[in-house]
Participant: 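One structure, as structure tokens, below. Some questions next.
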Protein chains: 2
Amino acid sequence: MTRKPAIEDVALQLFASEGFEGASLGRIADAVGIRKPSIYAHFRSKEDLFLCVFKRTLRRKQYMLLRHILQDTERPFEETLRELVERLMDDHESDAETRFLLRMCYFPPSALHDQVMALVNPFFAQAELGLIRLLEQPVHSERLRPECAQEAALAYLTVLDGVMAEAIYTTRAKAARRLEAIWPVYCRGVLIAE
Amino acid sequence: MTRKPAIEDVALQLFASEGFEGASLGRIADAVGIRKPSIYAHFRSKEDLFLCVFKRTLRRKQYMLLRHILQDTERPFEETLRELVERLMDDHESDAETRFLLRMCYFPPSALHDQVMALVNPFFAQAELGLIRLLEQPVHSERLRPECAQEAALAYLTVLDGVMAEAIYTTRAKAARRLEAIWPVYCRGVLIAE
DNA sequence: ATCGAACGAACTAACGGTCGTTAGGTTGTA
DNA sequence: TACAACCTAACGACCGTTAGTTCGTTCGAT
């Protein structure tokens, strides 16, 4: 019965709340209930542990994102997109995985900056492409202002990050206020006026 | 000839690029050109050094922000607000102060979380109030959709953070793309249709 | 003569990491 | 069925390094 998954889970939590440099292997081991050298039975180094956790998290989130976006393409896209923001706000509050991912995308450990960005860039590119694919569906693009699918996708990502920013530095409740304020603005801005 | 300002400047830069835990007093001292114990002639501890730098930065940014927002209230507010985003993108690229402030608002050193937030919250509240005060000027509010100054202010802050998010994790150029995409959306969303 | 900035030396604690060993389960062979 | 061989997770002890911090002293300007 290996403690490997437990190590990854605990590392994720501590990396999310203390950062890479702030989370020591000793405290990770303590929280798992093992001794520090035992970690090296499963990971070659602290950096290796970090990258394993990071890749796993990226994989899961990518799957979740694309599934959410492309799962019901008939539904009005505003509903799908707004629900996605709300879901990410919930996730940010309840699971450390989202907090970890956001933190490390913003401020990766500086020694691993290039490696992390080489993973993150395709992730963001995929998300943007998925959004554009959704908005270019005829059902939706005929409701959008002309030639505007890519702009609407970019604008949405901006809204998403802006709301999540508030979730990071204050609370879910205040982030929800931001969403209430900007969502009608976003919709009026990208939809054809009736 | 005291090295105190130099220490603060270097600490700012290293805190901005490596984080609080990632920046050591030894490397700060090296970059200043002094020895590590000399820092203690000016600051009681690493945390004290951090808080001094943080307060100074907050003070300066607050002054800059309010000045920018309320300096020419006759000018169309879209111009003022868009220029502010562009200015912050420039600052983020060129001066470490903006990078430091953003990083530490998002992810303060966990031991100092409460102290930092007690400083940051009034800062954000002031910024929001300044924006509302601008938008409630009759010249502007008559062009806004009715009863919408506060929403327009909140939405603007969301846009701002969303654009800055891209500046943080990629580049100024990609952040500018976001601004291009969202700015017409924002304006259409808050202004009365003509 | 005084005062503060800066220093060398040194402290304790903690860091990431290595090594040789142990305990428990699985497998190979007879 | 028996038992040795093997594997692997976990461990205690410990390595060299660096962290933040303290202390007593020096040095230059007032």
Participant: Rounded to whole Å, please give me the gap between NE2 in B:His42 and P in C:dA6.
Facilitator: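 In whole Å, C:dA6 P and B:His42 NE2 are 4 Å from each other.
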
Participant: Check every strand shown and say whether A:Lys36 touches a base, only sugar-phosphate, or nothing at a heavy-atom separation below 4.0 Å.
Facilitator: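 Base, at least one base heavy atom under 4.0 Å.
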
Participant: Could you state the atom-to-atom distance from CD1 of B:Ile39 to C1' of C:dG8 in whole Å?
Facilitator: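 One finds 15 Å between C1' of C:dG8 and CD1 of B:Ile39, rounded.
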
Participant: Measure from the side-chain N and O atoms of B:Arg178 to the backbone N and O of B:Gly162, and report whether any donor-acceptor pair falls under 3.5 Å.
Facilitator: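 Yes, because the side chain of B:Arg178 sits within donor-acceptor range (under 3.5 Å) of the backbone of B:Gly162.
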
Participant: From the set C:dG8, C:dA5, C:dT18, return the single nucleotide nearest to any side-chain atom of B:Ala41.
Facilitator: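 Within the option list, the nearest is C:dA5.
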
Participant: Could you tell me how far apart A:Arg35 (CZ) and C:dT22 (C1') are, to the nearest whole angstrom?
Facilitator: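 In whole Å, C:dT22 C1' and A:Arg35 CZ are 16 Å from each other.
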
Participant: Under a 3.5 Å cutoff, is there a donor and acceptor pairing between the side chains of B:Ser45 and B:Asp48?
Facilitator: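 Not at all, the side chains of B:Ser45 and B:Asp48 share no donor-acceptor pair under 3.5 Å.
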
Participant: Using distance alone, with no hydrogens and no angle criterion, decide if A:Ser110 and B:Glu18 have a side-chain donor and acceptor under 3.5 Å apart.
Facilitator: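 Indeed, the side chains of A:Ser110 and B:Glu18 share at least one donor-acceptor pair under 3.5 Å.
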
Participant: Given D:dC11, is OP1 or OP2 found less than 4.0 Å from the side-chain N or O atoms of A:Ser38?
Facilitator: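 True: A:Ser38 side-chain N/O within range (under 4.0 Å) of D:dC11 OP1/OP2.
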
Participant: Please state how far atom CZ in A:Arg3 lies from atom P in D:dA9, giving the value in whole angstrom units.
Facilitator: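 Whole-Å distance recorded here is 13 Å.
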
Participant: Both A:Pro37 and A:Arg27 contact DNA chain C. Taking the nearest nucleotide for each, which residue is further toward the 5' end?
Facilitator: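 That would be A:Arg27.
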
Participant: Calculate the interatomic distance between B:Glu47 atom CD and D:dT21 atom C1'; express it in whole Å.
Facilitator: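 Checked: the CD to C1' distance equals 13 Å.
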
Participant: Measuring to OP1 and OP2 of D:dA19, would you say a side-chain N or O of B:Ser24 lies under 4.0 angstrom away?
Facilitator: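 For B:Ser24, the contact criterion (side-chain N or O under 4.0 Å from OP1 or OP2 of D:dA19) is met.
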
Participant: So, does A:Asp91 use its side chain to make a donor-acceptor pair with the main chain of A:Ser94 at under 3.5 Å?
Facilitator: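 A pair under 3.5 Å: no.
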
Participant: For B:Leu25 and C:dT12, what is the distance between atoms CG and P respectively, to the nearest whole Å?
Facilitator: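 After rounding, the reported distance stands at 20 Å.
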
Participant: Rounded off to whole Å, could you give me the NZ-to-P distance for the A:Lys46 and C:dC15 pair?
Facilitator: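 Nearest whole value for this atom pair: 9 Å.
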
Participant: How long is the line joining CD of A:Glu21 and P of D:dT17, in whole Å?
Facilitator: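 Answer to the nearest Å: 21 Å.
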
